Structure formats: structure tokens, C-alpha cells
Amino acid sequence: MDQDEALTTVDNIVTQFNTYEDFLDSQITTLDLYYLEDEGLARQLVELGYRGTGEVVKREDFEARKAAIEIARLAERTQKKTLTSAGKDLHDNFLKALAVREEDNRSGKVSLNQQEADAAHTFKKKLAESSAHSKSVIFIRDKNSHGQEVSGYIDYAHRLKTEDFEVYFSGKKRLLPRPTDMSFYNWDSHIAVWNSTPNYQVIADNPEGLLFKYKRDRKILNVDPKAQPGDNSTRSPILTELYTQVVIFDHVSRRKT
């Protein structure tokens with residue numbers, strides 16, 4: 001029996017029986033109990049492989065797989081409770097892009113995803129072996145409910161902590177920049193606002209344009225489309241039917257070891 005078959009066998013047994021003792025009892029016949037007259041001895045002989053009617057599974061293997069399956073089950077249940085994008089039927093590229101990045105921005109860790117933009121793939125692959133934090137900045141340009149064109153940069157991780165994204169992933173509401181975000185500009189009233197967040201410091205007086213400094217590693221994120229976004233950062237334009245323009249910047253901060 002190869003390793004995959006052995007693992008499948010153990011998984012089937014672990015799923016079928018609540019405890020290792022239940023599994024051992026299933027291998028004991030009434031004839032065994034008649035001759036041995038000791039249930040504990042009968043279980044021991046099955047565990048050692050001397051008696052029994054099925055596969056031999058060690059106690060440590062059974063308990064290890066039982067624990068692993070339970071951890072996976074609890075993790076899946078916790079993730080479904082935490083991720084507001086979980087289980088949603090998302091059709092637009094922007095909502096899909098937000099869903100891909102939701103866990104990273106909630107937990108701060110990087111989870112490589114093959115569905116990410118090709119522009120970010122090489123960069124993500126390069127950092128795959130390092131322990132890192134990931135934070136995304138979302139640029140959105142579109143019209144608000146008053147028909148005014150607005151644009152701005154949103155700290156995705158900060159917004160996730162301060163509001164419920166269920167309304168966005170369910171399509172009940174559109175995500176738009178606010179005067180409380182990292183930057184906000186109303187093209188009709190010409191009102192411009194900048195705010196630093198728990199993750200980013202805004203540098204608005206730079207002669208070359210708006211810059212954001214990630215507070216964890218002090219790296220600069222340059223959002224100028226004609227410039228490189230900066231160290232450990234990527235720029236991903238999103239083709240979407242929901243907004244006039246969307247760009248997502250992903251910054252990855254390596255942990256010091």
C-alpha cells in the first residue's frame with residue numbers, strides 16, 4: 001500500500017469512528033472475547049496486529065489524523081464566519097479581487113493565489129518562502145449618489161476592521177472613497193482630503209505626487225501610474241463594470257527574523 005492509499009485508509013477509519021477504542025472494538029469478534037475473556041487484552045492484540053478483521057492502524061496515527069481533521073473543520077468554520085466574501089456568487093472582477101485579498105488584509109498574512117493578476121504573480125512567487133504581512137490600497141474613481149465624480153485611495157485592511165463588507169460583496173452597496181479614507185477628491189466641488197491610517201502615513205506634500213508610507217516597514221508606496229510602485233509593492237489595474245476606474249496596490253512587508 002502506497003502513502004496516499006494508507007492516508008486514505010486512515011482518513012476513512014477516523015471519519016467512521018469517534019475514538020481509537022471504538023475502532024479497536026470493531027475489529028474484535030465475539031469468538032475473540034470468548035477465548036480471551038478480556039476486552040483490554042483483545043484490544044491490545046488488535047492494536048499490535050495479531051488479531052482483527054481489518055487494517056492495522058497505530059494509535060498515534062489515528063489520533064494525529066483525528067486532530068488534523070478537527071482543526072481543519074474548525075478553521076473552515078471560523079473562516080466562513082470571518083470572511084464576508086465566503087459563499088458569495090461574485091461576478092465582477094473587482095469584487096473577486098477584493099475576495100482574493102480579504103483574508104490577507106484581515107489577518108495580515110500572505111496567501112498566494114494563482115488567480116491573482118499576472119503582474120503580481122512573479123512578485124508574490126518571489127516572496128512565497130518568506131513570512132510576511134500584506135496590506136492593500138484600493139484606488140476607485142466613479143460617481144457618487146449625487147452624480148458627482150469622486151476618487152480616492154482606501155486602506156482596505158482598515159476599512160475591513162471599521163465596517164461590515166457584507167453589503168459590498170452582496171451587491172447591496174457600492175464601495176466608494178470617503179473623506180475619512182487615505183485620500184478623497186471631489187472633482188465637482190474640488191474638495192481634497194488626506195488622512196493617515198493605522199497602516200499608512202500619507203505624504204501629500206511630495207512634489208512628484210501622492211505617496212503612502214507603510215508604517216510597519218517604512219517602505220514608500222508610489223501610486224503614480226507612470227512610476228514604479230516601490231519595493232515589495234505591485235500595481236494591478238482591475239477591469240470592472242461597476243466603476244469608472246479601479247487599481248489595487250498590494251504591499252508586502254517581510255517580517256524581521
Side-chain angles (χ1 to χ4, degrees), residues 71-125 127-128 130-142 151-178 180-184 195 197-200 212 214-217 219 221 223 229 232-243 245-255:
I71 290 173
R73 185 184 66 82
L74 291 175
E76 182 179 4
R77 188 172 66 182
T78 301
Q79 184 185 58
K80 287 182 178 179
K81 287 183 178 180
T82 303
L83 300 182
T84 50
S85 61
K88 299 291 189 303
D89 186 15
L90 306 175
H91 299 285
D92 187 79
N93 291 332
F94 175 58
L95 295 180
K96 290 178 181 178
L98 288 185
V100 165
R101 292 164 171 81
E102 185 183 3
E103 183 180 6
D104 293 349
N105 280 271
R106 284 191 184 278
S107 65
K109 66 182 180 180
V110 177
S111 60
L112 300 181
N113 194 302
Q114 295 300 318
Q115 296 178 354
E116 290 193 27
D118 291 339
H121 177 70
T122 301
F123 172 74
K124 292 278 189 176
K125 185 177 181 181
L127 295 180
S130 68
S131 181
H133 275 210
S134 175
K135 290 291 182 290
S136 302
V137 173
I138 306 166
F139 171 78
I140 294 178
R141 181 167 65 91
D142 204 70
S151 64
Y153 292 88
I154 299 170
D155 181 342
Y156 186 27
H158 182 51
R159 275 278 205 119
L160 282 170
K161 286 186 176 181
T162 56
E163 66 177 306
D164 186 2
F165 265 63
E166 172 73 25
V167 292
Y168 302 124
F169 285 117
S170 63
K172 297 177 182 178
K173 192 176 180 181
R174 293 193 312 138
L175 178 65
L176 286 172
R178 299 172 177 171
T180 53
D181 282 314
M182 295 170 67
S183 82
F184 173 85
N195 304 284
T197 69
N199 299 306
Y200 287 96
F212 301 119
Y214 185 48
K215 293 181 178 180
R216 182 180 174 86
D217 61 8
K219 296 287 186 180
L221 173 63
V223 294
N232 300 349
S233 297
T234 58
R235 180 181 188 275
S236 302
I238 307 296
L239 296 176
T240 172
E241 297 179 355
L242 301 178
Y243 301 88
Q245 184 183 6
V246 171
V247 180
I248 298 181
F249 298 86
D250 296 304
H251 180 73
V252 179
S253 171
R254 297 175 188 247
R255 288 178 181 169

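Computed from a prediction, not measured in an experiment: that's the story for all the values here.
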Handout entry: Contact check, side chains of Leu83 and Glu103, non-hydrogen atoms, under 4.5 Å
Key = yes

Fill in the blank from the handout: CG of Leu242 to CG of Asp142, rounded to nearest 0.5 Å, is 8.5 Å

Fill in the blank from the handout: Heavy atoms of Glu102 and Thr84 approach each other most closely as OE2-N, 2.8 Å

Practice task
Provide the closest heavy-atom pair for Pro177 versus Ser183 in the form atom of the first, atom of the second, distance.
Solution key: CB-O, 4.4 Å

Completion exercise
Quick note, salt bridge (charged side-chain N to carboxylate O under 4.0 Å, His left out) partners involving residues 157-166, not counting sequence neighbours, are Lys88-Glu166, Arg159-Glu163, Arg159-Asp181, Glu163-Arg178

Practice task
With side chain to side chain donor-acceptor pair (under 3.5 Å) as the test, would you mind laying out the steps for Thr240 and Asn93 before giving the verdict?
Solution key: CA-CA 6 Å; Thr240 172; Asn93 291 332; over 6 Å; no

Exercise for the section: Taking the side chain as every heavy atom from C-beta outward, state whether Val252 and Lys219 have any atom pair closer than 4.5 Å. Expected result: no

Problem - Any side-chain donor near an acceptor of the partner, Asp104 and Ser134, under 3.5 Å - result: no

Practice task
Check the angle between the aromatic planes of Phe212 and Tyr200 and answer parallel, tilted or perpendicular using the 30° and 60° thresholds.
Solution key: perpendicular

Handout entry: Plane angle bin for Tyr153 and Phe249 - parallel if under 30°, tilted between 30 and 60°, otherwise perpendicular
Key = tilted

Practice task
Flag the pair Arg101 and Asp250 as a salt bridge only when some basic side-chain nitrogen lies within less than 4.0 angstrom of an acidic carboxylate oxygen.
Solution key: yes

Exercise for the section: Could you tell me how the ring of Phe165 sits relative to the ring of Tyr168: parallel (under 30°), tilted (30 to 60°) or perpendicular (over 60°)? Expected result: perpendicular

Exercise for the section: Show your reasoning for whether side-chain contact (heavy atoms from CB on, under 4.5 Å) applies to Phe94 and Ile140. Expected result: CA-CA 10 Å; Phe94 175 58; Ile140 294 178; 3.9 Å; yes

Problem - Least distance between heavy atoms, Leu90 atom then Leu95 atom - result: CD1-O, 3.7 Å

Practice task
Provide the closest heavy-atom pair for Ser136 versus Asn105 in the form atom of the first, atom of the second, distance.
Solution key: N-OD1, 2.8 Å

Problem - Interatomic distance, Asp217 atom CG to His251 atom NE2 [nearest 0.5 angstrom] - result: 3.5 Å

